[in-house]
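Take a look at the structure set out below.
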Amino acid sequence: MPVTKRNPRVRVMTGNEACAEAALAAGLKFFGGYPITPSSEIAEELSTKLPASGGKFIQMEDEIAAMGSVIGASLAGAKSMTATSGPGFSLKQENIGYACLTEVPCVIVNVMRGGPSTGLPTMPQQSDVMQARWGTHGDHPIIVLVPQSVAETVELTIRAFHLTEKYRIPVILLMDETVGHISEKITLPDPAEVKIYERQKPTVSPDEYLPYKHTESDIPEMASFGTGYRFHVTGLCHDQTGFPTNDPVEIEKQMLRINRKLERYRDDIIEVETAGDADAEIGVFAYGSTARSAKRAMLMAQEKGIKVSFLRPRTMWPFPDREVLAMGEAVKKIVVPEMNLGQVAHEIEWAVRGKAEVVKVNKINGEPISPIEILAAIEKAVQ
Amino acid sequence: MDNFDYTTFLREKKFPLIWCAGCGHGIIMKAILRAVGRVGWDQNDTVMVSGIGCSSRMPGYVDMNTLHTTHGRAIPFATGVKMANPDLHVIVITGDGDATAIGGNHFIHAARRNIDLTVVLLNNTIYGMTGGQVSPTTPRGKKASTASFGNVEAPFNISGLAQAAGASFVARGTAYGAVQLSKYIEKGLLKKGLSVIEAMSPCPTVFGRRNKMKSPVEMYDELRDQSVPVKKAATMSEVELEDKIVTGVLTDVDKPEYTAEYAKLIAKLGGSA
Amino acid sequence: MSKTKDNEAPPVIEINAEWCKGCSICIEYCPQDVLALENGIAVVVNLDDCNRCQLCDYRCPDYAITVK
């Protein structure tokens, strides 16, 4: 029998382990966390692997502190990340808002479990789709990515770092418990081949540097602490210099700028997968692990002669409203399976503007939604 | 007296200060800047991190790398800065409410971890910025906007809390004793590990007025009269010390510092930072 | 009697009236009674007695007074 050389990057691992590996490949240098099921394996992996690669891991005293440490480390120049789940995600929200307003790059992983409250720590739910978008107070930009598999967790973890460094918008990697804990065969990326955007350092001297300058790109250059640029960072509304301001004109200008980045760069930020029949009357919109059941349901429906189209966001926020509208214009009904009571279905109803009926398939009992259940909804929808 | 020109550390464009007439915070800020000047830290390599409240407005006036964070969270942000770049000198500015109410958990854990931060805690025994609500250090019986009949709770002994939690350097000074305070801060800056300098700061506007102290000077007189040097305090009974402020260096020990220990771990694993 | 030694220039006390809030701390704790309050602002009234101890500077919360 010929001996084939084993590729060390081909591995079987869980989504949580893959997330940790991918973050390292993306250049992660700081992780501040707090234990919480079902995300803890990410912290456990990084507690051993980060120091071995010269990075820093710290288990903070609580979720709030973990998020604060991540922002501090990023301001000192390190690619930074934390990982949590529902209850911890709630605790992090104030400091996530701080990162949004101060435009500090960081990645927040939320491995979703059942909620509210302590809920279902070991079971999946897509409980935090809305919290991921609107968890912190005030209008703010945020990017949310939703992987459906272990392999995609690798891709989207790396992409999360790419987007946060590029746009200076915090990125939330919204996994669900199924994706976090399922074991799958994947090929890890070669770190040498991972190319991600590095935050734009100042191109001007410290005297000329404005940390929140209104630039053509809407993305100010970012200095790190300790590099000679002695700038001020505050969670108060600030002007171009970074100092607090009460000037309504400047406040509006800054707030519109940070929020405008999402719309302006939406085509670069939003990724969706489309599949199925172009002339379908039924559309299926699904995300995360539920999308895998949904895709299977689509195939089963097609075997029965039902034409189905499929739309899956890899980016949940900003919401792929144009892509959803295009589906709404092409089909009569959109089936939306979610492990919640319809958080995204409402968003789809808004996006399709009455062009298609939205059929909700919901489950919040800790069990995944099976292909059979989605198939039943598709079959009912065509009647 | 030293001749260090602390104005080189000021963002004079941001003056006059937001603090009220007679507030101790400006005095304490100056004691810090003089201390930084004496130890010779480069302002490019120094980070000042604060939370929320009157005290936490300080970094806005200081020409360093400055970070005004969320309420109670200065220490976690500072921890991230220090871990990501241990070569930076990190000073945390916080208040009694910020550090021992909403941020109490971070305060004790930073002390336990003994991470190399210098925490200057401006204790004015009140929530000043929000209008004079009772704080964890408001003395029993004193009035506040949320304790109209006098505070019925017992106050924290902040320095005692820091000592018990494991900080390697703890000192207490006052805005009245600004010269000595600056010396305690200097020692804290040089200490490798968590340093806590509790600086008693009069709040004439929302504490003094409500508690029958008509002028700032009356409050500074009280600070002077209440202060007892730590050596003298050792000879006094608990009853005698009840309303006193024990000043001086209360703890100064050498123990493993967090970022140094972490650097050893990285070296052991063969990683390079 | 002036506290300034013969071979030394007399002290220069600068008061920034824009920043002074008139709290009176510098006045009350000056060991030589060099300062007074006029129209809500600290002023020098007795420069001759200044011994350059800088306590007014140390205790000025508003960076409004310097002694050179």
Side-chain angles (χ1 to χ4, degrees), chain B residues 1-35 54-55 58 61-62 122 124 173-183 199 201-205 208 214-221 223-224, chain C:
Chain B
M1 297 300 142
D2 62 73
N3 293 313
F4 170 66
D5 180 12
Y6 54 78
T7 61
T8 59
F9 283 172
L10 296 180
R11 287 168 170 154
E12 292 190 346
K13 275 190 210 162
K14 300 292 161 191
F15 279 56
L17 299 168
I18 193 175
W19 299 312
C20 306
C23 171
H25 290 4
I27 301 173
I28 296 163
M29 176 168 115
K30 203 184 289 176
I32 295 168
L33 300 186
R34 286 184 188 272
C54 290
S55 59
M58 188 187 296
Y61 302 112
V62 177
L122 289 76
N124 60 3
T174 72
Y176 176 82
V179 180
Q180 295 89 334
L181 175 67
S182 189
K183 286 177 183 158
S201 184
C203 172
T205 302
K214 290 194 177 64
S215 71
V217 168
E218 215 173 307
M219 299 190 78
Y220 285 83
D221 281 348
L223 272 189
R224 177 193 60 205
Chain C
M1 262 299 278
S2 169
K3 301 282 167 186
T4 307
K5 289 174 195 158
D6 292 342
N7 59 350
E8 208 174 22
V12 178
I13 301 176
E14 281 178 15
I15 294 171
N16 182 339
E18 300 286 312
W19 293 357
C20 175
K21 292 173 186 158
C23 69
S24 298
I25 293 171
C26 58
I27 299 160
E28 293 295 327
Y29 299 115
C30 173
Q32 300 295 119
D33 293 328
V34 172
L35 304 157
L37 198 67
E38 259 177 36
N39 303 319
I41 302 291
V43 292
V44 178
V45 292
N46 184 16
L47 185 65
D48 282 354
D49 280 356
C50 175
N51 64 4
R52 285 193 175 89
C53 73
Q54 292 185 11
L55 281 173
C56 54
D57 180 342
Y58 263 91
R59 290 209 184 97
C60 174
D62 289 295
Y63 299 73
I65 188 162
T66 55
V67 184
K68 276 168 195 151

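Letters A, B, ... mirror the listed sequences (proteins, then strands); counts begin at 1.
- Side chains of His25(B) and Ser55(B): no donor on one and acceptor on the other come within 3.5 Å.
- Heavy atoms closer than 4.5 Å to chain C are found in both the backbone and the side chain of Tyr176(B).
- Ring centroids of Phe9(B) and Phe4(B) are separated by less than 6.0 Å, placing the two rings close together.
- Using a cut-off of 4.0 Å between Lys/Arg side-chain N and Asp/Glu carboxylate O, Asp57(C) and Arg52(C) are scored as not salt-bridged.
- Taking chain B as the reference chain and counting heavy-atom pairs below 4.5 Å, the highest number among Ser24(C), Gly22(C), Cys60(C) is found for Cys60(C).
- Lys183(B) NZ: 12 or fewer foreign heavy atoms inside a 6.0 Å radius.
- In this structure, Lys30(B) satisfies the cation-pi test against Tyr63(C), with its NZ or CZ atom closer than 6.0 Å to the six-membered ring centre and inside 45 degrees of the ring normal.
- Interface residue Tyr29(C): only side-chain heavy atoms are found under 4.5 Å from chain B.
- In terms of heavy-atom pairs under 4.5 Å with chain C, the best-connected choice from Tyr61(B), Trp19(B), Tyr6(B) is Tyr6(B).
- Lys13(B) NZ to Leu10(B) CG: the interatomic distance, rounded to the nearest 0.5 Å, is 13.5 Å.
- For Asn16(C), no part lies near chain B; criterion is any non-hydrogen pair under 4.5 Å.
- Each of Lys21(C), Lys68(C), Glu28(C) has some count of heavy-atom pairs under 4.5 Å with chain B, and the biggest count is that of Lys21(C).
- Of the atoms belonging to Ile28(B), not a single heavy atom falls under 4.5 Å from chain C.
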